[in-house]
Amino acid sequence: RKEYVDLYVNYVFNESIRKPFEDFMQGFLRGCPTQMWKMLFPAELQIVLQGQTKFDWHLLEKNVTYSQYQPSDKTIRNFWTVFHKLPEDKKKKFLAFLSGSDRISAYALERFTFCIADPQEVNPDELYPYANTCSLILFLPR
C-alpha cells in the first residue's frame with residue numbers, strides 16, 4: 001500500500017505535470033535568465049514576481065489625483081480619515097477593489113497613483129462607491 005501511495009503521489013505531483021512545467025520553465029527562463037534571478041534572495045524574488053505586501057499608505061494618499069474633487073473637500077477628508085483607521089487587511093482589500101490586486105509591483109509604490117472621482121449623480125445617496133480597475137479610478141459619491 002505504501003508503495004502504491006508513494007507512486008500515486010509522485011505521479012500526481014511530479015510526472016503528470018512534468019511537460020507543462022518544463023514548458024513554463026522554458027518560457028520563464030527566456031524572459032528572466034537564470035543568472036539574473038540567482039543573485040536574489042527568495043524573499044526578493046517573491047517581491048519582484050508578486051509585488052509589495054507592505055505599503056506606506058500615507059504615500060499612497062499623497063499620490064492620489066482628484067476629479068471633480070479637491071483634497072480639502074469634506075468627502076475626501078472623511079474618506080482618508082476612515083481609510084487610515086482601517087486594519088491592514090481591510091486596506092489591502094480596498095487596494096484589490098480598486099486595482100484588482102492586493103499588491104503593487106515591486107518598485108512602483110512611489111509611482112502608484114489612482115484617481116478619486118465624483119460620479120456626479122443627481123442623487124448620490126442612492127449610489128455605492130465603485131471602481132474602474134483598468135484605469136484605477138475610484139468613483140466616490142458625495
Side-chain angles (χ1 to χ4, degrees), residues 2 4-142:
K2 182 183 180 329
Y4 173 79
V5 170
D6 289 343
L7 288 171
Y8 183 76
V9 168
N10 182 52
Y11 173 76
V12 169
F13 289 111
N14 297 314
E15 299 303 321
S16 69
I17 63 163
R18 185 172 310 283
K19 177 70 171 123
F21 180 76
E22 286 173 358
D23 293 342
F24 165 78
M25 189 170 67
Q26 276 186 327
F28 180 80
L29 293 176
R30 195 175 312 139
C32 185
T34 307
Q35 57 271 34
M36 298 298 252
W37 59 268
K38 276 190 173 180
M39 67 183 187
L40 299 173
F41 290 111
E44 293 172 326
L45 182 61
Q46 182 178 9
I47 289 172
V48 168
L49 295 176
Q50 294 181 334
Q52 290 283 7
T53 58
K54 296 186 179 174
F55 307 106
D56 178 352
W57 298 110
H58 292 283
L59 178 60
L60 183 72
E61 177 184 0
K62 196 168 83 171
N63 290 342
V64 170
T65 59
Y66 300 96
S67 179
Q68 295 94 28
Y69 273 123
Q70 296 298 319
S72 58
D73 288 345
K74 185 177 180 182
T75 303
I76 299 300
R77 287 193 327 255
N78 288 342
F79 171 79
W80 287 113
T81 299
V82 170
F83 179 82
H84 288 300
K85 289 181 181 177
L86 292 173
E88 190 74 12
D89 65 314
K90 298 281 185 176
K91 289 177 182 176
K92 287 181 180 180
K93 285 182 180 179
F94 168 77
L95 189 59
F97 171 75
L98 174 68
S99 67
S101 173
D102 65 347
R103 296 173 184 241
I104 297 174
S105 64
Y107 301 104
L109 184 58
E110 294 81 21
R111 294 182 299 277
F112 183 83
T113 62
F114 71 95
C115 179
I116 298 178
D118 182 355
Q120 297 186 333
E121 291 290 323
V122 177
N123 193 352
D125 290 335
E126 294 179 0
L127 190 66
Y128 292 110
Y130 60 98
N132 180 327
T133 58
C134 295
S135 302
L136 296 175
I137 301 173
L138 172 67
F139 293 96
L140 187 64
R142 291 185 183 269

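Keep in mind the model is a prediction, meaning the values are calculated, not measured.
- Between N14 and F21 there is no side-chain heavy-atom pair separated by less than 4.5 Å.
- Using a 4.5 Å heavy-atom threshold, the side chains of K62 and L59 count as touching.
- A salt bridge between R18 and E15 is present, with a side-chain N of the basic residue lying under 4.0 Å from a carboxylate O of the acidic one.
- Atom CG of L140 and atom OH of Y128 lie 14.5 Å apart (nearest 0.5 Å).
- With values rounded to the nearest 0.5 angstrom, S67 atom OG is found 11.5 Å from L138 atom CG.
- For S16 against P20, the heavy-atom pair with the smallest separation is O-CD, 4.3 Å.
- A131 and F97 get closest at one heavy-atom pair: CB-O, 3.6 Å.
- Contact record, L60 with V64: O-CG2, 3.3 Å, taken as the closest heavy-atom pair.
- Two residues are said to be in side-chain contact when any heavy atoms from C-beta on lie closer than 4.5 Å; F139 and L127 fail this criterion.
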Inset, instruction - Please step through side-chain contact (heavy atoms from CB on, under 4.5 Å) for the pair N10 and D6, ending with a clear verdict. - result: CA-CA 6 Å; N10 182 52; D6 289 343; over 6 Å; no
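- Of the possible polar contacts, none joining the N78 side chain to the T75 backbone as a donor-acceptor pair under 3.5 Å is found.
- For the pairing with F114, the side-chain contact (heavy atoms from CB on, under 4.5 Å) check across N132, I137, L98, N63 returns one residue only, L98.
- In this structure, Y130 and P119 have side chains that are in contact, with non-hydrogen atoms separated by less than 4.5 Å.
- Side-chain atoms of Y66 never come within 3.5 Å of backbone atoms of I76 as a donor-acceptor pair (strictly under, hydrogens ignored).
- Taking CG of D23 as the start and CD1 of I17 as the end, the distance is 12.0 Å to the nearest 0.5 Å.
- Between F79 and Y69, the gap from one ring centroid to the other reaches at least 6.0 Å.
- More than 12 heavy-atom neighbours from other residues, nucleotides or ligands sit within 6.0 angstrom of CZ on F28.
- Among all heavy-atom pairs drawn from K91 and H84, the shortest one is NZ-O, 3.5 Å.
- Between K74 and R142, every side-chain heavy-atom pair lies at or beyond the 4.5 Å cut-off.
- The shortest distance between side-chain heavy atoms of W80 and I116 falls below 4.5 Å.
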